[in-house]
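The structure under discussion is supplied below as structure tokens; questions concerning it will follow.
Chain identifiers are assigned alphabetically (A, B, ...) following the order of the sequence lines, protein sequences preceding nucleic acid strands; residue numbering begins at 1 within each chain.
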Protein chains: 2
Amino acid sequence: MEEIDRRIVTLLARDGRMSFTDLARETGLSVSAVHQRVRRLEKRGVVRGYAAIIDHEAVGLPLTAFVSIKPIDPAAPDDAPERLAHLTAIEACHSVAGDESYILKVRVASPTALEDLLQQIRASANVSTRTTVVLSTPYEHRALEPYAEPEVRQDGIA
Amino acid sequence: MEEIDRRIVTLLARDGRMSFTDLARETGLSVSAVHQRVRRLEKRGVVRGYAAIIDHEAVGLPLTAFVSIKPIDPAAPDDAPERLAHLTAIEACHSVAGDESYILKVRVASPTALEDLLQQIRASANVSTRTTVVLSTPYEHRALEPYAEPEVRQDGIA
DNA sequence: AGGCGGTGCTGAATGGAATTCGGTCGTTTC
DNA sequence: GAAACGACCGAATTCCATTCAGCACCGCCT
């Protein structure tokens with residue numbers, strides 16, 4: 001991907017509502033050129049969408065946790081993501097290397113709600129769970145860095 | 001927080017660029033009333049900001065990992081988040097309960113870049129690391145559920 | 001060399017949205 | 001019961017998104 005597109009992506013990652021006018025100013029292009037590029041980035045799937053960043057405490061979901069899951073029957077087909085998709089408390093599902101097969105990130109209202117959720121997870125996907133409760137979140141959703149091309153180098157000088 | 005605000009937050013979490021006109025239609029309020037509420041939600045910090053959701057593969061950061069860190073010297077002051085903040089590959093930092101003290105979510109370009117990053121993390125925060133590599137991500141950034149007030153009930157009927 | 005198609009840009013036009021403002025209504029408070 | 005407050009609406013204005021026609025550049029083919 002090219003320099004200007006990278007810059008646009010970085011800017012939008014930082015502020016998803018930035019206007020095309022501002023993007024044009026930042027990139028030195030005309031408004032319509034930027035518009036064209038953003039549309040293309042969206043169509044290509046580089047920009048997947050836009051979201052408001054919410055304070056989960058403020059909306060009644062103050063408890064965040066990571067739940068690692070492991071199938072109880074290793075021979076069974078592994079369709080945990082689909083089996084768990086209906087649980088809206090699950091914000092993300094990552095397949096991972098290591099002892100466990102998936103790591104889920106969940107948001108719930110209370111310890112009781114977490115307990116309920118864990119039961120639902122175990123029942124829905126036939127897995128055992130290991131839960132790591134988040135105590136606080138110093139930062140999250142940090143946008144990708146300003147833009148830095150890897151710079152192919154033959155010598156070892158940085 | 002109130003019903004309509006909750007609904008607005010949900011809608012914006014799902015589509016951060018939704019127009020006030022559409023929000024007004026969805027909530028049954030006038031455009032200016034919605035505008036007023038959104039501004040207030042932003043000011044209160046319920047809506048912290050807006051971000052484009054980026055395909056990290058497409059921008060050259062195809063490798064995601066969770067890095068759990070543990071201080072080497074448990075007596076030293078715990079300022080790992082600040083010590084690590086300059087590493088832009090770190091997307092999130094959560095303080096967690098359990099054996100380790102923080103879980104970091106990182107995005108890098110390659111296994112080599114991950115190796116470099118881990119060294120920098122260890123050196124910057126004087127910690128040991130345990131890394132879980134993400135193989136794939138069935139879903140991520142799922143917006144919070146449509147809105148459901150806990151509904152205090154005396155009877156046991158759901 | 002000349003012509004062709006594709007790509008990416010610009011600037012102008014228009015339609016729609018964001019933002020502001022004045023005014024109304026209902027509720028709370030003294 | 002009147003003032004103060006909070007939330008709403010509708011209209012006016014400004015700004016932005018989106019589209020379009022036209023231009024420049026490049027690679028390619030003949």
### Message
Tell me which pairs pass ring-ring contact (aromatic ring centres under 6.0 Å, His included) where either residue lies in residues 18-53 of chain B, with sequence neighbours left out.
### Response
B:F20-B:H35
Would you tabulate the side-chain donor-acceptor contacts of residues 63-70 of chain B under 3.5 Å, counting partners in other chains and residues two or more places apart, or write 'none'?
| unit_1 | atom_1 | unit_2 | atom_2 | d |
| --- | --- | --- | --- | --- |
| B:T64 | OG1 | B:R107 | NH1 | 2.8 |
| B:K70 | NZ | B:D99 | OD2 | 3.2 |

#### Entry: Contacts of type side-chain contact (heavy atoms from CB on, under 4.5 Å), residue B:P62, not counting sequence neighbours
B:E57
### Query
Does anything in residues 32-40 of chain A reach DNA chain C, meaning a heavy atom under 4.0 Å, and if so which residues?
A:S32, A:A33, A:Q36, A:R37, A:R40
#### Entry: Residue-level proximity of residues 18-27 of chain B to DNA chain D when a heavy atom falls under 4.0 Å
none
### Query
Quick one: side-chain contact (heavy atoms from CB on, under 4.5 Å) partners of B:D116, sequence neighbours excluded?
none
### Task
Grab the CZ-C1' distance between A:R17 and D:dC15 for me, whole Å please.
14 Å
#### Entry: Start and end of chain B contact along DNA chain C [non-hydrogen atoms, under 4.0 Å]
C:dA17 to C:dT20
### Message
In this structure, how many angstroms lie between the C1' atom of D:dT18 and the NZ atom of A:K43, rounded?
### Response
16 Å
### Query
Hydrophobic cluster mates of A:I53, side-chain heavy atoms under 4.5 angstrom, ILVMFWY only, any path?
none
### Task
Report the hydrophobic cluster partners of B:I72, with the cluster defined as I, L, V, M, F, W, Y residues connected by side-chain heavy atoms closer than 4.5 angstrom, directly or transitively.
none
### A:T137: partners by side-chain hydrogen bond (donor to acceptor under 3.5 Å, both in side chains), with sequence neighbours left out
B:H94
### Message
A:R37: which residues meet the side-chain contact (heavy atoms from CB on, under 4.5 Å) condition with it, sequence neighbours left out?
### Response
A:E2, A:I4, A:D5, A:I8, A:L29, A:R40
### Message
What I want to check is whether the side chains of B:R7 and B:T27 have a donor and an acceptor closer together than 3.5 Å.
### Response
no
### Task
Sequence neighbours left out, what passes side-chain hydrogen bond (donor to acceptor under 3.5 Å, both in side chains) with A:R17? Give chain and number order.
none
